Amino acid sequence: QVQLVESGGGLVQAGGSLRLSCAASGGTFSSYTMGWFRPAPGKEREFVAAVSGLGGTTYYADSVKGRFTISRSNAKNTMYLQMNSLKPEDTAVYYCAAMRKSGRASIEASYEYWGQGTQVSVSS
């Protein structure tokens with residue numbers, strides 16, 4: 001069983017930056033593909049970004065490409081999401097997720113474990 005705890009959310013003005021963290025415990029962290037998701041109209045959660053177990057491969061939604069950077073430290077059992085050039089439409093609760101089995105990194109159903117979320121609010 002993997003436990004995930006997000007942190008780093010907050011209120012920021014448009015154009016600003018935030019760095020989210022997701023601390024994992026209870027599993028072999030490097031065995032998991034890790035992802036970030038956020039709620040979206042008509043969906044429970046939409047894909048934001050993901051990183052492979054050893055960090056060599058990253059995936060991004062088109063809406064965040066060039067602005068967000070996902071990374072991980074397997075030594076610290078932690079994943080990060082650096083968010084730059086934030087826009088009001090980025091306002092959401094951001095959830096981190098862990099996938100042990102093979103699956104598409106951009107699909108919510110691929111992930112077995114989820115954190116409780118951290119709120120990001122971007123004012124205009």
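Quick caveat: nothing in here was measured; it's all calculated off a predicted structure.
Partners of K65 according to the salt bridge (charged side-chain N to carboxylate O under 4.0 Å, His left out) rule, which considers only residues two or more places apart in sequence or in another chain, are D62. Under the side-chain hydrogen bond (donor to acceptor under 3.5 Å, both in side chains) criterion, N74 pairs with R72, not counting sequence neighbours. Partners of S17 according to the side-chain hydrogen bond (donor to acceptor under 3.5 Å, both in side chains) rule, which considers only residues two or more places apart in sequence or in another chain, are N84. For R45, the salt bridge (charged side-chain N to carboxylate O under 4.0 Å, His left out) partners at least two apart in sequence or on another chain are E108.
In this structure, L54 and S30 have side chains that are in contact, with non-hydrogen atoms separated by less than 4.5 Å. At a threshold of 4.5 Å between non-hydrogen side-chain atoms, the residues S71 and Q82 do not count as touching.
When all heavy atoms of E6 and Q116 are compared, the closest pair comes out as OE1-N, 3.1 Å. Counting all heavy atoms, side chain and backbone alike, R67 lies closest to S63 at NH2-O, 2.9 Å. Residues G115 and Y95 share a closest heavy-atom pair of O-CD2, 3.6 Å. Residues A92 and Q119 approach most closely at O-NE2, 3.4 Å, considering heavy atoms. When all heavy atoms of A14 and S124 are compared, the pair lying nearest together is CB-CA, 4.3 Å. Scanning both residues, A105 and F37, for their nearest heavy atoms gives O-CZ, 4.0 Å.
The main-chain N or O of G9 is found under 3.5 Å from a side-chain atom of T118 such that the two form a donor-acceptor pair. For S110 (side chain) and R104 (main-chain N/O), a donor-acceptor pair under 3.5 Å exists by modelled atom type. Side-chain atoms of S73 come within 3.5 Å of backbone N or O of K76 as a donor-acceptor pair.
The neighbour count for Q13 CD, taken as heavy atoms of other residues, nucleotides or ligands under 6.0 Å away, does not exceed 12.
Residue pairs meeting the side chain to side chain donor-acceptor pair (under 3.5 Å) criterion with at least one partner in residues 46-58, sequence neighbours excluded, are R38-E46.
The hydrophobic cluster around L20 extends to V2, L4, V12, L18, F29, Y32, M34, W36, V48, V51, Y60, V64, F68, I70, M79, L81, M83, L86, Y94, Y113, V120, V122, counting ILVMFWY residues whose side-chain heavy atoms fall within less than 4.5 Å of a member.
The ring of F47 has its center no closer than 6.0 angstrom to the ring center of Y59.
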